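Data block below; observations after.
Note that the structure is predicted; figures quoted are calculated from it, not measured. For reference, positions follow the sequence shown, starting with 1.
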Amino acid sequence: QVQLVESGGGLVQAGGSLRLSCAASGRTFSNYAMGWFRQAPGKERVFVAGISSSGIRTKYTDSVAGRFTISRTNAKNTVYLQMNALKPEDTAVYYCAADRSTAVQVDARSYNYWGQGTQVTVSS
């Protein structure tokens, strides 16, 4: 069992930055690929970024590539999402998720564990 707790969300003006963190319980964090997803009001949950278990491979959805960076520190059981140049359309609840496979997956159905989410609001 893996428990995930996100933090770092908040209200920021367009063009600003936020850094989300996701702390994981358990001693096998390094065996899991990790992903960040987001869900805007009235919309489905969508993939934002993912990182392989080793941290070597990353993947981003096109709308955030070049602005967001996903990283992980396995020694601290933590995955991060650095978000720069934020836009109002980035407003959503952001969730981190863990996948037992080692490779990055973009399909939410591949992920086995989910956090409760953290709200990110970008004002124009």
Side-chain angles (χ1 to χ4, degrees):
Q1 189 78 7
V2 175
Q3 293 185 327
L4 304 172
V5 179
E6 303 97 334
S7 62
L11 173 64
V12 64
Q13 289 188 334
S17 297
L18 282 174
R19 188 195 197 202
L20 304 184
S21 298
C22 174
S25 65
R27 293 176 290 180
T28 59
F29 176 74
S30 60
N31 292 344
Y32 291 81
M34 299 297 294
W36 285 98
F37 290 75
R38 66 187 180 187
Q39 187 167 18
K43 297 187 177 181
E44 64 180 20
R45 191 173 300 187
V46 296
F47 175 82
V48 174
I51 189 166
S52 62
S53 58
S54 66
I56 293 176
R57 299 191 183 277
T58 59
K59 190 175 294 185
Y60 300 90
T61 192
D62 288 346
S63 62
V64 309
R67 299 189 297 123
F68 290 11
T69 302
I70 188 171
S71 61
R72 66 190 296 161
T73 302
N74 284 345
K76 295 184 177 181
N77 282 12
T78 304
V79 63
Y80 307 95
L81 185 67
Q82 177 67 43
M83 306 186 295
N84 298 329
L86 283 160
K87 304 175 181 180
E89 50 264 43
D90 294 318
T91 295
V93 177
Y94 283 71
Y95 299 88
C96 87
D99 177 9
R100 290 194 190 100
S101 71
T102 57
V104 179
Q105 305 291 338
V106 300
D107 189 339
R109 294 171 296 180
S110 298
Y111 288 79
N112 308 102
Y113 304 102
W114 292 84
Q116 293 299 308
T118 185
Q119 176 70 47
V120 172
T121 303
V122 184
S123 63
S124 58

In one Ile/Leu/Val/Met/Phe/Trp/Tyr side-chain cluster, 4.5 Å: Tyr95, Trp36
no

When hydrophobic residues are tied together by side-chain contacts of less than 4.5 Å, even through go-betweens, does Ile51 share a cluster with Val64?
yes

Are Val104 and Met34 connected in the hydrophobic side-chain network, where two residues link if heavy atoms are under 4.5 Å apart?
no

Check for a donor-acceptor pair, side chain of Arg67 on one end and backbone N or O of Ala85 on the other, with a separation under 3.5 Å.
yes

Can you confirm whether Leu81 sits close enough to Arg38 that some side-chain heavy atom of one is under 4.5 Å from a side-chain heavy atom of the other?
no

Sub-3.5 Å donor-acceptor pair from the side chain of Tyr80 to the main-chain atoms of Thr73, do we have one?
no

Assess the side chains of Asn31 and Ser53: does a donor N or O sit below 3.5 Å from an acceptor N or O?
no

Would you sort out whether Ile70 and Val79 count as a side chain to side chain contact (heavy atoms under 4.5 Å, CB included), showing the intermediate values?
CA-CA 7 Å; Ile70 188 171; Val79 63; 4.0 Å; yes

Give the minimum heavy-atom separation between Tyr60 and Ala49, together with the two atoms involved.
CD2-CB, 3.6 Å

Are Val120 and Thr91 packed together at the side-chain level, in the sense that at least one heavy-atom pair is separated by less than 4.5 angstrom?
no

Heavy atoms of Tyr32 and Ala98 approach each other most closely as CD2-CB, 3.9 Å

Any idea how Tyr94 and Phe68 line up, ring-wise: parallel (<30°), tilted (30 to 60°), or perpendicular (>60°)?
tilted

Trace of the side chain to side chain contact (heavy atoms under 4.5 Å, CB included) decision for Tyr113 with Arg100:
CA-CA 9 Å; Tyr113 304 102; Arg100 290 194 190 100; 3.2 Å; yes

Is it true that a side-chain atom of Arg72 and a backbone atom of Ser52 form a donor plus acceptor pair closer than 3.5 Å?
yes

Of all heavy-atom pairs between Ala14 and Ser124, which one has the smallest distance, and what is that distance?
CB-CA, 4.4 Å

ILVMFWY cluster, Val93 and Phe47 together (side-chain gap under 4.5 Å):
yes

Taking atom CD of Glu89 as the centre, report whether more than 12 heavy atoms of other residues, nucleotides or ligands fall under 6.0 Å from it.
yes

Under 6.0 Å between ring centres: does that hold for Phe37 and Trp114?
yes

Looking only at non-hydrogen atoms, find the nearest pair between Gln39 and Ala92 and report the distance.
O-CB, 3.4 Å

Please determine which of Val48, Thr121, Val122 meets the side-chain contact (heavy atoms from CB on, under 4.5 Å) test together with Asp90.
Val122

Side chains of Leu86 and Leu18: does their closest heavy-atom pair fall under 4.5 Å?
yes

For the side chain of Glu6 and the backbone of Gly117, is there at least one donor-acceptor N/O pair under 3.5 Å apart?
yes

I need the minimum non-hydrogen distance between Cys22 and Leu4, along with the two atoms involved.
SG-CB, 3.9 Å

Taking Ser30 for its side chain and Asn74 for its backbone only, find out whether a donor-acceptor pair lies under 3.5 Å.
no

How many angstroms lie between OG in Ser7 and CZ in Arg19, if you round to the nearest 0.5 Å?
9.5 Å

Which atoms form the tightest heavy-atom contact between Thr78 and Ser21, and what is the distance?
CG2-CB, 4.3 Å

Please determine whether the number of non-hydrogen atoms from other residues, nucleotides or ligands lying under 6.0 Å from atom CD of Gln119 exceeds 12.
yes

